[in-house]
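Have a look at the structure below, then the notes.
Residue numbers start from 1 in every chain, and the chains themselves are labelled A, B, ... in the order their sequence lines are given, proteins ahead of strands.
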Number of protein chains: 2
Amino acid sequence: MEQVDIFKALSNKTRLQILAWLKEPEKHFPVQECGEFNKTGVCVGHIQQKTGLTQSTVSEYLSMLQRANLLVATRMGQWTHYKRNEEAIKELAQHISKEL
Amino acid sequence: MEQVDIFKALSNKTRLQILAWLKEPEKHFPVQECGEFNKTGVCVGHIQQKTGLTQSTVSEYLSMLQRANLLVATRMGQWTHYKRNEEAIKELAQHISKEL
DNA sequence: TCGAAAAATCGACAAATTCCGATATCTTTG
DNA sequence: CAAAGATATCGGAATTTGTCGATTTTTCGA
């Protein structure tokens, strides 16, 4: 995954919005029966509802963000949870301030 | 200019390359008759030659980077010089580490 | 003031991205 | 194992981006 692909992943309002929501899941998503979102994140269905886009679109967006290493996916039974990769986001900020 | 437009401006290899070259102009560009590049930057023609793309493409890329506030343009007679906006780049890094 | 150099803008078209609906895969449960 | 729910993948229409060549605008110098 190259630098430019990380920026491409961030070049879309919905995807930026998803990253923002996942910063405070408890504020933006209903309680899940399927696991604490602080640990493994929020399931695709909840994120999809919030965006108003179709399931397929949101699924693709999430995997794009994951490929850019900005999100981490965890399969929890029939659900896939996504959460932010805070480490990678910090590294991106550092990279921009030093290398860009 | 919105957040997402900054990332769009960065979503292209050539534009990232231009930003990188402008970090150390004396290393990447020939001496100019038209001004010190540490002060006002490098003229469009030199940047264009280095990219190998056409003049129109590079001119558009530069103004896109300027619209995103990542570059500053200075008209010097018949030349336009572009240099990095280090301030804005630092702010972007901060924004990513705090707000993204 | 005219012509040439530098840069910006315009019009076009191919390639990439956005987003959808349909279908396939995986997982749980009866 | 079959059905149902959650997610992933596929194929495509519409929009945006990448990039070009041609033209226009700006500025300098003869």
Next on the checklist: Can you tell me if T57(A) touches the phosphate of dC20(C), counting only side-chain N or O atoms and a distance under 4.0 Å to OP1 or OP2?
Outcome noted: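 True: T57(A) side-chain N/O within range (under 4.0 Å) of dC20(C) OP1/OP2.
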Next on the checklist: Strictly below 4.0 Å: does S59(A) bring a side-chain N or O up to OP1 or OP2 of dA8(D)?
Outcome noted: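 True: S59(A) side-chain N/O within range (under 4.0 Å) of dA8(D) OP1/OP2.
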Got a sec, which residues hit side chain to side chain donor-acceptor pair (under 3.5 Å) with [X], two or more places apart in sequence or on another chain?
X	result
T80(A)	R75(A)
T57(B)	T54(B)
S97(A)	none

Can you list the residues that meet the side chain to side chain contact (heavy atoms under 4.5 Å, CB included) rule with [X], with sequence neighbours excluded?
X	result
R67(A)	M1(A), S63(A), M64(A)
E91(A)	E87(A)
Q55(A)	Q48(A), S59(A)
E99(A)	H95(A)

Without decimals, in angstroms, what is the distance between [X] [atom1] and [N] [atom2]?
X	N	atom1	atom2	answer
Y61(A)	dC19(C)	OH	C1'	6 Å
L53(B)	dG21(D)	CG	P	11 Å
Q48(B)	dT19(D)	CD	P	14 Å
H81(B)	dA7(C)	NE2	C1'	12 Å
Q17(B)	dG18(D)	CD	C1'	17 Å
L62(A)	dA8(D)	CG	C1'	11 Å
L71(A)	dA8(D)	CG	P	12 Å
D5(B)	dT17(C)	CG	P	17 Å

Checklist entry - So, N85(B) side chain and N69(B) main chain: donor-acceptor pair closer than 3.5 Å or not? => result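 Checking the backbone N and O of N69(B) against the side chain of N85(B), a donor-acceptor pair under 3.5 Å is found.
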Checklist entry - According to the interplanar angle, ranging from 0 to 90°, do the rings of F29(B) and W21(B) count as parallel (below 30°), tilted (30 to 60°) or perpendicular (above 60°)? => result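 It falls in the perpendicular class, over 60°.
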Checklist entry - Hey, which of these two, V58(A) or Y82(B), hits DNA chain C nearer its 5' end, going by closest nucleotide? => result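 The residue whose closest nucleotide sits nearer the 5' end is Y82(B).
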Identify the pairs formed between an N or O of the protein and an N or O of nucleotides 15-17 of chain D at a distance under 3.5 Å, and give each distance.
none

Checklist entry - Under the salt bridge (charged side-chain N to carboxylate O under 4.0 Å, His left out) test, which residues partner E86(A), sequence neighbours left out? => result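 Residues passing salt bridge (charged side-chain N to carboxylate O under 4.0 Å, His left out) with E86(A): R84(A).
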Checklist entry - What string of B, S and - do you get for nucleotides 23-30 of chain D 5' to 3' if you count protein non-hydrogen atoms under 4.0 Å? => result ---BSS--
Just the table, please: protein N/O against nucleotides 10-12 of chain C N/O, every pair under 3.5 Å.
{"residue": "dC10(C)", "atom": "N4", "partner": "E60(B)", "partner atom": "OE2", "Å": "3.4"}

Checklist entry - Could you give all pairs that pass the salt bridge (Lys or Arg N to Asp or Glu O under 4.0 Å) test and reach residues 1-25 of chain A, with sequence neighbours left out? => result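 Of all non-adjacent pairs touching residues 1-25 of chain A, those that pass salt bridge (Lys or Arg N to Asp or Glu O under 4.0 Å) are E2(A)-K13(B), K13(A)-E2(B), E24(A)-K27(A).
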